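Before any comments, here is the structure.
First the proteins, then the strands, lettered A, B, ... as listed; each starts at 1. Please read all numbers here as calculations on a predicted model, not as lab measurements.
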There are 2 protein chains.
Amino acid sequence: MSILNENLPACPVEMTLMLMGDKWKVLIIRELLTGTKRFGELKKSLNGISQKVLTQHLRMMEENGLLNRQVYAQVPPKVEYSLTDVGHSLKQVHDAMWQWGEAYKKQVEI
Amino acid sequence: MSILNENLPACPVEMTLMLMGDKWKVLIIRELLTGTKRFGELKKSLNGISQKVLTQHLRMMEENGLLNRQVYAQVPPKVEYSLTDVGHSLKQVHDAMWQWGEAYKKQVEI
DNA sequence: CAGTATCCCAAGCGATACTG
DNA sequence: CAGTATCGCTTGGGATACTG
């Protein structure tokens, strides 16, 4: 399926970390969980990310089967990103992080 | 509670990322979910981590209320780390990552 | 618009030496 | 044993310029 076939970590958690163990990747997932987005939209939502880094992460995630890249033959170009089924299943992880973050904030804000 | 009181991110997911959005932190949680561990044990389990980085992360996580540091007045010293309740509640996130990693591996191994 | 290419800097890390 | 301190180096990432 991908280059990852070699050197798969034994621990499933490490497997997950290899594919989304990065701040930006989690946030890209967050954005795409609400639906397909264009490159420019992603860049705007992900406050502070540079074009270079966004491109790099999108490429990696596409390679790993987490998202689809749809190029429209237009001028100016239009590229849309959406989650694959595998990518969408990361919602579980995302939601767990969401809930924990919520709970933590309530604690801190006291 | 902590220095984090200023500049709390609005998004709960970003909050979580601030506190455990790092490969090593997730793995430290993984280790401590099975019980209290000494510094040396952690270092051995976390394959490849340097003493410096392990210390840094443990300090940060202690400061953020994720874990307890218990120092025993002995020679040679003995220091034990364990999760706080808040830290332990990260099990949800850990487990979600575990399950997703498992599923992903099955996909890839075909 | 959505990239690629290049240069460059600083944070982060490893390696090493030392200590309560 | 479990650290701290110091020093280089690697590399991730910002800034900028250019293009299909």
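- Under the Watson-Crick or G-U wobble criterion, with both distances below 3.5 Å, C:dG20 is paired with D:dC1.
- At a threshold of 4.5 Å between non-hydrogen side-chain atoms, the residues B:Trp24 and B:Leu27 count as touching.
- Nucleic acid contact for B:Lys52: base, since at least one base atom lies under 4.0 Å from a heavy atom of the residue.
- Mapping A:Pro77 and A:Gly48 onto DNA chain D by nearest heavy atom places A:Gly48 at the nucleotide closer to the 5' end.
- Residues A:Trp100 and B:Ser89 have side chains that bring a donor and an acceptor to within less than 3.5 angstrom of each other.
- As judged by a 4.0 angstrom heavy-atom cut-off over every strand, A:Gln51 is placed among the base-contacting residues.
- In summary, of the residues considered (B:Lys23, B:Arg30, B:Lys105), a salt bridge (charged side-chain N to carboxylate O under 4.0 Å, His left out) with A:Glu14 occurs for B:Arg30 alone.
- For the OP1/OP2 pair of D:dG13 and a distance below 4.0 Å, the side-chain nitrogens and oxygens of A:Ser50 include no atom meeting the criterion.
- Between B:Ser82 and B:Gln70 there is no side-chain heavy-atom pair separated by less than 4.5 Å.
- Searching all strands for a Watson-Crick or G-U wobble partner of C:dT6 with both distances below 3.5 Å returns D:dA15.
- For DNA chain C, the contact window with chain B, defined by any atom under 4.0 Å from a protein heavy atom, covers C:dC13 to C:dG20 in 5' to 3' order.
- Nucleic acid contact for B:Tyr81: sugar-phosphate only, since backbone atoms but no base atoms lie under 4.0 Å from a heavy atom of the residue.
- Judged by a 6.0 Å distance limit and a 45° cone about the ring axis, A:Lys37 is not positioned over the six-membered ring of A:Tyr81.
- Where B:Val53 and A:Phe39 each meet DNA chain C at their nearest nucleotide, the meeting point lying more 5' is that of A:Phe39.
- Rounded to whole Å, atom P of D:dG14 lies 10 Å from atom NE2 of A:His57.
- Contact annotation: the side chain of B:Met97 never approaches that of A:Met15 to less than 4.5 Å [non-hydrogen atoms, C-beta and beyond].
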